[in-house]
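Remember, it's a predicted structure, so these values are computed and weren't measured experimentally.
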Amino acid sequence: MRKTLTVCNKCDSLNNVDIEKSNSQKPVCGQCHSILKMYGAVSEVNEKNFWRILKKAEKPVVVDFWASWCGPCKVYGPTFEEASTKTDKAIFLKVSTEQSPELSQKLNILGIPATVVFKEGVEVTRQSGALSLESLLNLANTSY
Ligand SMILES: [Zn+2]
């Protein structure tokens, strides 16, 4: 099973999800059985759940910082989703800079879209602007 970590929107439980399942059928929360909202294998998280996943993650975490007013972010979204279903070497998260302004400030996100990779809770690299599927997969498949 190719797994990724996500958080349930209803009960806040961390869930291990089969990436193929998240892509083809709606995965449900192991705790409360609500449908887990995912985009491909991407989970959208708030600041609290961002840190929880970072702490639990046994592989690199690739994060897309975005905003609803940002045109290039919208173009980038589907590429990010596609990448998430093509590799299980990393966990893919989306953070809205509008909904989590404090987190974005802490991490010094100056321009969006920004793709930041964390390993064992620490930032290892970041790229600004929309990336191609190929460079995104390279980022995800690098051993940091
Ligand atoms: Zn739940």
Residue pair Thr6 / Leu14, side-chain heavy-atom distance below 4.5 Å = no
Flag side-chain contact, heavy atom, 4.5 Å: Lys48 against Asp12 | yes
Check the hydrophobic clustering (I, L, V, M, F, W, Y; side-chain heavy atoms under 4.5 Å; chains of links allowed) and say if Val61 and Met38 are grouped together.
-> no
Test: Cys73-Cys70 SG spacing under 2.5 Å | yes
Exceeds 12 heavy-atom contacts within 6.0 angstrom, atom CD of Glu120 = no
Test applied, side-chain contact (heavy atoms from CB on, under 4.5 Å); reference residue, Thr4; option that passes from Ile91, Val42, Leu93 = Ile91
Charged N-O contact under 4.0 Å between Glu102 and Lys106 = no
Cut-off 3.5 Å, side chains only: do Asn141 and Thr87 have a donor facing an acceptor?
-> yes
Is the shortest heavy-atom distance from the side chain of Thr97 to the side chain of Trp66 under 4.5 Å?
-> no
Cut-off 3.5 Å, side chains only: do Glu98 and Ser68 have a donor facing an acceptor?
-> yes
Answer yes if Val122 and Leu103 sit in the same cluster of Ile, Leu, Val, Met, Phe, Trp and Tyr residues linked by side chain heavy atoms under 4.5 Å apart, and no otherwise.
-> no
Test Phe92 against every option in Val62, Leu5, Thr115, Thr85 by the side-chain contact (heavy atoms from CB on, under 4.5 Å) rule and name the one that passes.
-> Val62
Side-chain heavy atoms of Asp64 within contact of Pro113, under 4.5 Å | yes
Taking a hydrophobic cluster as the set of Ile, Leu, Val, Met, Phe, Trp and Tyr residues connected by side-chain heavy atoms closer than 4.5 Å, whether directly or through intermediates, do Leu107 and Ile112 fall within one such cluster?
-> yes
Phe50 reachable from Val124 in the ILVMFWY side-chain graph, under 4.5 Å edges | no
For the residue pair Tyr76 and Phe65, is the inter-centroid distance of their aromatic rings smaller than 6.0 Å?
-> no
Mind checking whether Val7 and Ser13 have side chains closer than 4.5 Å, heavy atoms only?
-> no
Examine Lys94 relative to Tyr39 and say whether NZ or CZ is less than 6.0 Å from the centre of the six-membered ring and inside a 45° cone about the ring axis.
-> yes
Mind checking whether Glu82 and Leu136 have side chains closer than 4.5 Å, heavy atoms only?
-> no
Arg2 side chain to Val17 backbone, donor-acceptor under 3.5 Å = no
Salt bridge or not for Lys59 and Asp88, using N-O below 4.0 Å?
-> no
Answer yes or no: are there more than 12 heavy-atom neighbours, outside Gln31 itself, under 6.0 Å from its atom CD?
-> no
Heavy atoms of other groups near Glu58 CD, more than 12 under 6.0 Å = no
Under-4.0 Å salt bridge between Lys37 and Glu44 = no
